[in-house]
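Take a look at the structure set out below.
As the structure is a computational prediction, the values presented were derived from the model and not from experiment. Counting starts at 1 for both ligands and their atoms, following the listed order. All heavy atoms count here, side chains included; hydrogens, waters and symmetry mates do not.
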Amino acid sequence: LKIINEGLVKIEFPEFDKVSSDAPVFYNPRMEFNRDTSILAIQAFQKILNHNVDICDVFGGSGIRGVRYKKEIDNIGDVSVNDISSLANEFTKINADLNNVDINIYQKEASVMLRNHRGEFDIIDIDPFGTPSYFVDSAGYSIKRNSLLCLTATDTSALCGTYKEPCIRKYNAKPFKSEYCHENGIRILAGFAALTLAKYKKYITVLMSHSSEHYMRMYLYIKKGSRATDESLKNIGYMAHCKNCLHHEPIYGLASNIPENCPICGGKLTIAGPMWLGEIQNKEFIQEMISISDDKELNTKDDVLKLLNTCYSEAETPVGFYDIHVICRNLKVSAPKLDKILDTLKNNGYIAVRTHFSPLGIRTDASIEDIKNIILELLKE
Ligand code: SAM
Ligand code: ZN
């Protein structure tokens with residue numbers, strides 16, 4: 001057996017060589033950052049609801065999330081942990097006892113769990129192996145109005161378009177590989193959730209989302225109402241991308257006219273979607289997460305704060321971003337310093353911020369032509 005410390009808890013699980021779905025009970029130390037971020041997001045959401053919140057971790061593994069949520073989040077109500085594996089559940093029990101917390105433990109297939117407990121939870125956490133796509137419909141059926149849906153996806157190669165067909169199969173969306181494909185991936189996942197929940201008259205607001213290491217994670221505020229759902233689906237659309245000049249533009253609407261050619265150079269446009277073109281970061285929510293972090297003991301706090309500050313500045317900026325090295329390769333010039341480009345864009349009155357998706361990325365409302373001109377001007381200096 002092995003014992004580790006994370007946040008305020010101790011967790012025990014059978015020792016294994018390599019993190020994989022073959023481990024007897026799943027525990028991945030690299031996901032501590034994800035769990036730390038989750039503590040802040042769930043606490044921030046609890047503050048929005050302003051009452052005790054009941055939560056279900058549908059894919060419990062060692063039980064670490066459930067135990068941490070119970071121990072580290074204020075005004076937490078009932079915590080339920082589900083896992084299809086009986087051994088995982090044995091360890092959830094051991095870990096609950098080890099940390100003196102009460103947890104309801106279930107052994108059901110995730111979709112059955114969700115459907116059996118319709119309307120019971122204020123927060124549903126879906127943290128499966130690979131894709132969450134199989135479970136989103138059951139989550140949509142089961143989740144109550146004014147609740148939080150936390151989604152993890154580790155099939156980033158599908159969402160980012162390394163492989164096209166799996167993305168079409170799992171998310172009913174076409175991806176494309178580009179410098180900002182991780183953002184497209186987040187938007188395809190959010191779009192899939194929005195479209196899946198819509199039939200239950202439920203709609204999403206993305207409170208916070210990030211792509212880190214090998215996974216994507218998002219926190220969706222779920223509300224209910226047919227009119228509001230119709231309105232919200234106006235955020236569904238496509239991303240059009242020109243590989244020739246690097247222009248990109250979002251195209252709103254599920255059945256809108258999609259141009260074939262680039263308005264700037266006439267090159268052929270590549271299309272990804274349907275996807276969520278609405279906000280993927282919420283300033284107020286992220287600000288709340290940042291202030292809550294003062295009261296929490298988190299081993300990865302510095303990294304979490306770095307992420308949160310970047311995501312905060314990414315809120316209310318245009319869809320998609322540009323990669324400076326890709327633009328400079330396209331121009332066949334060497335790249336000026338990123339900060340210089342950002343400053344120059346800002347001095348010219350544009351929005352210009354970094355993105356957590358890439359150290360070479362800039363989010364700006366400047367057109368590709370303006371960015372290219374600014375780069376060429378900077379190189380003359
Ligand atoms: N949330 C955990 C954490 O933070 O450490 C990790 C969960 S792990 C990625 C996925 C877990 O889901 C495994 O423990 C596995 O036994 C369980 N599982 C796999 N398929 C399932 C299903 N269809 N229904 C319920 N549990 C399932
Ligand atoms: Zn073009």
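- Scanning the protein for heavy atoms near atom 8 (S) of ligand 1, the closest one is F26 CD2, 3.5 Å.
- Here's the thing with D127: one of its N/O atoms is less than 3.5 angstrom from an N/O atom of ligand 1.
- Closest to atom 24 (N) of ligand 1 among all protein heavy atoms lies A110 N, 2.8 Å.
- Any N or O atom pair closer than 3.5 Å counts here, and I84 shares at least one such pair with ligand 1.
- Ligand 1 places these atoms under 4.0 Å from at least one heavy atom of P128: 9 (C).
- A distance-only check finds no donor-acceptor pair linking the side chain of T131 to the backbone of D155 [under 3.5 Å].
- For S256 and Y238, the side-chain atoms include no donor-acceptor pair closer than 3.5 Å.
- When Y134, F26, F135, Y106 are each tested for a ring-ring contact (aromatic ring centres under 6.0 Å, His included) with F59, only one passes: F135.
- Near G61, with a cut-off below 4.0 Å to any heavy atom, the atoms of ligand 1 are 14 (O).
- At a 4.0 Å heavy-atom cut-off, ligand 1 does not touch S62 at all.
- Residue contact check for ligand 1: M113 places no non-hydrogen atom closer than 4.0 Å to it.
- For atom 7 (C) of ligand 1, the closest non-hydrogen atom on the protein side is F59 O, 3.2 Å.
- Counting the atoms of ligand 1 from 1 in the order shown, those under 4.0 Å from a heavy atom of G60 are 2 (C).
- At least one side-chain heavy atom of F91 sits under 4.5 Å from a side-chain heavy atom of P14.
- Under the 30°/60° scheme for interplanar angles, the aromatic rings of F45 and Y221 are found to stand perpendicular.
- For atom 11 (C) of ligand 1, the candidate residues are D83, T154, D57; the nearest heavy-atom contact is made by D83.
- With respect to atom 5 (O) of ligand 1, the closest heavy atom belonging to the protein is R35 NH1, 3.2 Å.
- Side-chain contact check for T37 and R217: no donor-acceptor pair (N or O, by modelled atom type) lies under 3.5 Å.
- Contacts between I64 and ligand 1, counted as non-hydrogen atom pairs separated by less than 4.0 Å, involve the side chain only.
- Judged by the 6.0 Å and 45° rule, K283 forms a cation-pi pair with Y312.
- Ring pair Y180/H241 is perpendicular by interplanar angle, where above 60° counts as perpendicular and below 30° as parallel.
- For ligand 1, the atoms sitting less than 4.0 Å from at least one non-hydrogen atom of E109 are 22 (C), 23 (N), 24 (N), numbered in the order shown with element in parentheses.
- S313 and R363 form no side-chain donor-acceptor contact under 3.5 Å, judged by distance and modelled atom types alone.
- With the Zn ion (ligand 2) as the vertex, SG (C262) and SG (C245) define an angle of 110°, rounded to 10°.
- Of the possible polar contacts, one joining the S367 side chain to the D370 backbone as a donor-acceptor pair under 3.5 Å is found.
- Not one N/O/S atom of H247, from backbone or side chain, sits under 2.8 Å from the Zn ion (ligand 2).
- No more than 12 heavy atoms of other residues, nucleotides or ligands shown are found within 6.0 angstrom of CG on D102.
- For the pair S85 and ligand 1, the shortest N or O to N or O distance does not fall below 3.5 Å.
- Residue contact check: K108 has heavy atoms under 4.0 Å from atoms 24 (N), 25 (C) of ligand 1.
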